[in-house]
Novice: 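Below is a structure I'd like to ask you about.
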Amino acid sequence: QVQLVESGGGLVQAGGSLRLSCADSGRTFSNYAMGWFRQAPGKGREFVASVNRNGGITYYAGSVKGRFTISRDNAKNTVYLLMNSLEPEDSAAYYCAAARGISSAYVPKNEGEYTYWGQGTQVTVSS
């Protein structure tokens with residue numbers, strides 16, 4: 001069973017940085033590809049970034065590429081999202097999610113590919 005808990009959200013000024021963490025209390029974390037999504041008020045859930053099972057392959061949405069970095073530490077059952085150069089448009093609830101790894105190269109990008117979701121952590125970027 002996968003249970004995901006996000007942390008690290010908060011209020012930051014534009015241009016600042018935050019690092020989100022998502023910890024899995026289960027025992028099979030390394031079997032899952034991991035992703036981050038976000039949802040702003042009145043909008044649908046949006047893909048942000050994903051990483052394969054061993055952390056060697058990553059994929060980013062165009063809006064965050066070059067500013068955000070996804071990484072994982074399988075020894076700590078944790079996935080991270082380092083967010084630099086934050087903009088007010090990045091304000092949203094951020095969710096981590098887990099997708100059963102079809103292969104070691106699997107890097108899912110669609111919401112429907114993910115099975116398990118965290119409860120979300122709020123990020124607010126002030127201008």
Side-chain angles (χ1 to χ4, degrees):
Q1 184 69 18
V2 175
Q3 293 181 316
L4 304 174
V5 179
E6 301 98 334
S7 61
L11 174 64
V12 64
Q13 289 188 333
S17 299
L18 280 176
R19 189 179 80 157
L20 306 183
S21 299
C22 173
D24 172 23
S25 61
R27 300 181 180 179
T28 58
F29 180 75
S30 61
N31 291 342
Y32 291 83
M34 300 297 297
W36 286 96
F37 289 76
R38 66 186 181 186
Q39 187 169 18
K43 296 187 177 180
R45 192 170 292 184
E46 174 190 22
F47 169 79
V48 175
S50 57
V51 61
N52 74 324
R53 296 188 312 206
N54 65 17
I57 304 172
T58 58
Y59 187 82
Y60 297 92
S63 59
V64 306
K65 194 171 184 180
R67 300 189 297 123
F68 291 11
T69 302
I70 187 171
S71 61
R72 66 189 296 163
D73 185 339
N74 285 348
K76 295 182 178 180
N77 284 8
T78 302
V79 62
Y80 304 97
L81 185 68
L82 175 61
M83 306 184 294
N84 294 323
S85 302
L86 282 162
E87 304 167 352
E89 293 74 22
D90 296 316
S91 296
Y94 282 72
Y95 300 88
C96 70
R100 184 74 182 182
I102 297 174
S103 71
S104 61
Y106 183 48
V107 187
K109 311 168 187 63
N110 299 309
E111 185 175 352
E113 297 179 271
Y114 289 86
T115 304
Y116 300 100
W117 293 83
Q119 84 290 348
T121 186
Q122 181 66 38
V123 171
T124 303
V125 184
S126 63
S127 58

Novice: Can you pull out every disulfide bond (SG atoms under 2.5 Å apart) where at least one residue sits in residues 22-66? Sequence neighbours excluded, please.
Specialist: C22-C96
Novice: What pair of heavy atoms forms the shortest contact from T58 to Y60, and how long is it?
Specialist: OG1-CE1, 3.5 Å
Novice: According to side chain to side chain donor-acceptor pair (under 3.5 Å), who are the partners of N84, at least two apart in sequence or on a separate chain?
Specialist: S17
Novice: Disulfide bond (SG atoms under 2.5 Å apart): which pairs involve residues 97-127, sequence neighbours left out?
Specialist: none
Novice: Nearest 0.5 angstrom please: R72 CZ to D24 CG, how far?
Specialist: 9.0 Å
Novice: Which word best sums up how the rings of F47 and F37 line up, parallel for under 30°, tilted for 30 to 60°, or perpendicular for over 60°?
Specialist: perpendicular
Novice: Could you give the distance from CG (N52) to OG (S103), rounded to the nearest 0.5 Å?
Specialist: 8.5 Å
Novice: Treat each ILVMFWY residue as a node, draw an edge where side-chain heavy atoms are under 4.5 Å apart, and state whether Y80 and V51 are in one component.
Specialist: no
Novice: Who passes side chain to side chain contact (heavy atoms under 4.5 Å, CB included) against S126, sequence neighbours left out?
Specialist: L11, Q13
Novice: According to side chain to side chain donor-acceptor pair (under 3.5 Å), who are the partners of R53, at least two apart in sequence or on a separate chain?
Specialist: none
Novice: Among residues at least two apart in sequence or on other chains, which ones pass side chain to side chain donor-acceptor pair (under 3.5 Å) with E87?
Specialist: none
Novice: If two hydrophobic side chains count as joined below 4.5 Å and joins carry through other members, does W36 share a cluster with L18?
Specialist: yes
Novice: Rounded to the nearest 0.5 Å, what separates atom CD in Q3 from atom CG in N77?
Specialist: 12.0 Å
Novice: I need the full list of disulfide bond (SG atoms under 2.5 Å apart) pairs touching residues 35-85, with sequence neighbours left out, sorted by first then second residue.
Specialist: none
Novice: According to disulfide bond (SG atoms under 2.5 Å apart), does anything in residues 43-90 pair up with another residue at least two apart or in another chain? List the pairs.
Specialist: none
Novice: Which residue pairs pass the salt bridge (Lys or Arg N to Asp or Glu O under 4.0 Å) test with at least one member in residues 32-43, sequence neighbours excluded?
Specialist: R38-E46, R38-D90
Novice: Is there a path of hydrophobic side-chain contacts, each under 4.5 Å between heavy atoms, that joins L81 and L86?
Specialist: yes
Novice: Run the side chain to side chain donor-acceptor pair (under 3.5 Å) test against E6 and tell me which residues pass, sequence neighbours left out.
Specialist: Q119
Novice: Taking atom OG1 of T69 and atom CG of L82, what is their separation to the nearest 0.5 Å?
Specialist: 5.5 Å
Novice: Shortest non-hydrogen contact from S91 to A40?
Specialist: O-CB, 3.8 Å
Novice: Quick check: closest heavy atoms across S50 and P108, and the distance to 0.1 Å?
Specialist: OG-O, 2.9 Å
Novice: Taking a hydrophobic cluster as the set of Ile, Leu, Val, Met, Phe, Trp and Tyr residues connected by side-chain heavy atoms closer than 4.5 Å, whether directly or through intermediates, do V12 and V48 fall within one such cluster?
Specialist: yes
Novice: Minimum heavy-atom separation for I57 and A105, please, with both atom names.
Specialist: CD1-CA, 3.7 Å
Novice: Are Y114 and L4 connected into the same hydrophobic cluster when the rule is that any two of I, L, V, M, F, W, Y join if their side-chain heavy atoms are below 4.5 Å apart?
Specialist: no
Novice: I need the full list of ring-ring contact (aromatic ring centres under 6.0 Å, His included) pairs touching residues 87-113, with sequence neighbours left out, sorted by first then second residue.
Specialist: none
Novice: So, using ring-ring contact (aromatic ring centres under 6.0 Å, His included) as the criterion, who are the partners of Y32 when residues are at least two apart?
Specialist: Y116
Novice: Kindly give the heavy-atom pair with the smallest separation between V2 and A98, and that separation in Å.
Specialist: CG1-CB, 4.1 Å
Novice: Could you measure the distance from the OG1 atom of T78 to the CZ atom of F29? Nearest 0.5 Å is fine.
Specialist: 6.0 Å
Novice: With rounding to the nearest 0.5 angstrom, report the CE to OG distance, M34 to S71.
Specialist: 11.5 Å
